[in-house]
Amino acid sequence: MSTMNIIYISIEGNTRSFLKRLQDFAKQQHLIDTKSPLISLKEIGPQDAPAKESKPFFAFVPTYLTGGNGITSGYTEIITNALGEYIEDGDNAKYCVGVVGSGNRNFNEQYCLTARKYAKIFDAPFLDNYELRGTSADVERIYGVLAKEWAKVEENN
Ligand SMILES: Cc1cc2nc3c(=O)[nH]c(=O)nc-3n(C[C@H](O)[C@H](O)[C@H](O)COP(=O)(O)O)c2cc1C
């Protein structure tokens with residue numbers, strides 16, 4: 001039986017809420033078919049120091065950028081940096097097998113920019129995205145995307 005590992009940060013609770021629902025959905029799927037992977041969650045607090053990872057994981061990151069009209073103002077990541085530093089630390093980045101972003105489409109071109117940036121710097125695929133707390137359709141779709149990606153990771157290990 002396999003369990004997918006997810007590391008995330010959540011400032012206002014949207015990402016946490018989404019991931020709890022994703023984890024519940026995984027439990028249901030696992031009851032129907034034991035080959036469907038369960039989910040293990042690890043939340044990184046904004047002040048947490050990095051720890052060493054030794055197993056593959058997906059990273060979930062919301063977007064917090066300075067300014068924020070999406071057109072002329074800043075692109076500097078704020079508040080969520082602890083997750084980036086966590087992944088960057090030691091060999092952790094090599095265990096990051098995918099990034100999922102969240103944000104608010106009102107931010108236009110800055111929508112999910114942090115996740116897209118992480119995918120690039122940590123050389124991991126940008127797997128999917130959702131807005132705010134996400135919908136049930138997002139939960140279902142993203143579970144499918146992760147499970148498919150996880151199967152590939154397991155094949156290679
Ligand atoms: C100060 C601030 C800046 C934000 N900047 C962006 C942004 O640049 N792009 C975006 O897509 N969403 C942006 N958002 C929306 C958040 O990413 C969104 O609300 C997310 O669901 C928060 O996740 P959390 O509750 O897990 O912290 C911003 C929200 C706040 C409060």
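Counting starts at 1 for both ligands and their atoms, in listed order. This one's a predicted model, so the numbers in the text were calculated from it and none came from an experiment. Start at 1 with the first residue, then count along the sequence.
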Distance-only donor-acceptor check, side chains Ser17 and Asn14, under 3.5 Å: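 There is no such pair between these side chains.
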Just checking, is any N or O donor in the side chain of Tyr8 or Glu43 under 3.5 Å from an acceptor N or O on the other one?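 Indeed, the side chains of Tyr8 and Glu43 share at least one donor-acceptor pair under 3.5 Å.
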Min N/O separation Ile11 to ligand 1 under 3.5 Å: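 Indeed, backbone or side chain, Ile11 has an N or O that close.
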Distance-only N or O hit between ligand 1 and Asn14, under 3.5 Å: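 For ligand 1, there is an N or O atom that lies under 3.5 Å from one belonging to Asn14.
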Can you list everything that forms a ring-ring contact (aromatic ring centres under 6.0 Å, His included) with Tyr86? Sequence neighbours excluded, please.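 Tyr86 satisfies ring-ring contact (aromatic ring centres under 6.0 Å, His included) with no residue once adjacent residues are dropped.
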Can you tell me how the ring of Tyr130 sits relative to the ring of Phe18, calling it parallel under 30°, perpendicular over 60° and tilted otherwise?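 Because their plane-to-plane angle is under 30°, the rings of Tyr130 and Phe18 count as parallel.
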Enumerated ligand 1 atoms positioned under 4.0 Å from heavy atoms of [X]:
X	value
Gln110	7 (C), 8 (O), 9 (N), 10 (C), 11 (O)
Gly13	24 (P), 25 (O), 26 (O)
Gly103	10 (C), 11 (O), 12 (N), 17 (O)
Thr15	23 (O), 24 (P), 26 (O)
Cys112	11 (O)

Stepwise salt bridge (Lys or Arg N to Asp or Glu O under 4.0 Å) check, Arg21 with Asp24: CA-CA 5 Å; Arg21 278 146 54 222; Asp24 287 346; over 6 Å; no
Does Leu113 have a non-hydrogen atom less than 4.0 Å from ligand 1?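 Outside the 4.0 Å threshold, so no.
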Measuring from [atom], which candidate in [options] has the nearest non-hydrogen atom?
atom	options	value
atom 27 (O) of ligand 1	Phe18, Phe60, Tyr64	Tyr64
atom 28 (C) of ligand 1	Val61, Ile9, Thr63, Asn129	Thr63
atom 3 (C) of ligand 1	Leu65, Leu19, Asn106, Thr114	Leu65

Any non-hydrogen side-chain atom of Lys148 less than 4.5 Å from a side-chain atom of Tyr143?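 Not touching, per the 4.5 Å side-chain cut-off.
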Is a side-chain N or O of Thr80 found less than 3.5 angstrom from the main chain of Val61, in a donor-acceptor match?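 Side chain of Thr80 to backbone of Val61: no pair is present.
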Is a donor on one side and an acceptor on the other found under 3.5 Å between the side chain of Asp89 and the backbone of Pro50?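 Such a contact is absent between Asp89 side chain and Pro50 backbone.
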Where's the contact between Phe107 and ligand 1, heavy-atom distance under 4.0 Å: side chain, backbone, both or neither?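 Answer for Phe107: side chain.
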